[in-house]
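In what follows, residues are counted from 1 in the order of the sequence shown.
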Amino acid sequence: MSTDTTTAETTSEQITNPQTNSSTDALRHSVVEFLMAVIGAPDDEEIARHADAAVRALDARLIEERTG
């Protein structure tokens with residue numbers, strides 16, 4: 001997925017439901033923070049599990065937003 005596509009989807013979502021978008025943005029930031037933590041501690045399995053859960057939650061949220 002390109003950055004342009006993500007930006008277009010975000011803009012569309014902001015217009016239709018700003019609260020959902022805010023929640024999705026928070027989840028996106030959480031994923032970034034977890035991935036940075038994984039980079040900082042690649043052998044920490046607990047951080048890896050939390051990062052995996054965050055990525056899966058974001059994936060499910062984005063699928064839900066696309067299907068409406």
Side-chain angles (χ1 to χ4, degrees):
M1 177 182 301
S2 73
T3 304
D4 294 337
T5 303
T6 304
T7 303
E9 290 170 359
T10 300
T11 303
S12 173
E13 182 60 26
Q14 281 177 327
I15 293 168
T16 58
N17 191 346
Q19 185 173 3
T20 299
N21 183 266
S22 176
S23 176
T24 301
D25 283 346
L27 193 50
R28 284 183 178 123
H29 288 289
S30 177
V31 166
V32 170
E33 290 176 14
F34 276 120
L35 294 177
M36 302 260 315
V38 168
I39 291 168
D43 295 330
D44 190 323
E45 291 182 17
E46 184 176 349
I47 290 174
R49 278 192 293 277
H50 288 292
D52 180 58
V55 169
R56 290 175 188 269
L58 178 59
D59 186 45
R61 172 77 53 83
L62 293 173
I63 289 169
E64 179 183 310
E65 288 179 2
R66 284 185 199 146
T67 59

| field | Residue list, salt bridge (charged side-chain N to carboxylate O under 4.0 Å, His left out) with Asp52, at least two apart or on another chain | value | Arg56

| query | What is the distance from atom CG of Leu58 to atom CZ of Arg61, rounded to the nearest 0.5 Å? | reply | 8.0 Å

| request: I would like to know whether Glu64 and Thr24 meet side-chain contact (heavy atoms from CB on, under 4.5 Å); could you show each step before the answer? | output: CA-CA 11 Å; Glu64 179 183 310; Thr24 301; over 6 Å; no

| query | Got a sec, which residues hit side chain to side chain donor-acceptor pair (under 3.5 Å) with Asp44, two or more places apart in sequence or on another chain? | reply | none

| Which atom of Leu27 lies closest to which atom of Ala54, heavy atoms considered | CD1-O, 4.3 Å

Solution key, residues 29-40 side-chain donor-acceptor pairs under 3.5 Å, sequence neighbours excluded:
none

| field | Partner residues of Glu46 under the salt bridge (charged side-chain N to carboxylate O under 4.0 Å, His left out) criterion, sequence neighbours left out | value | none

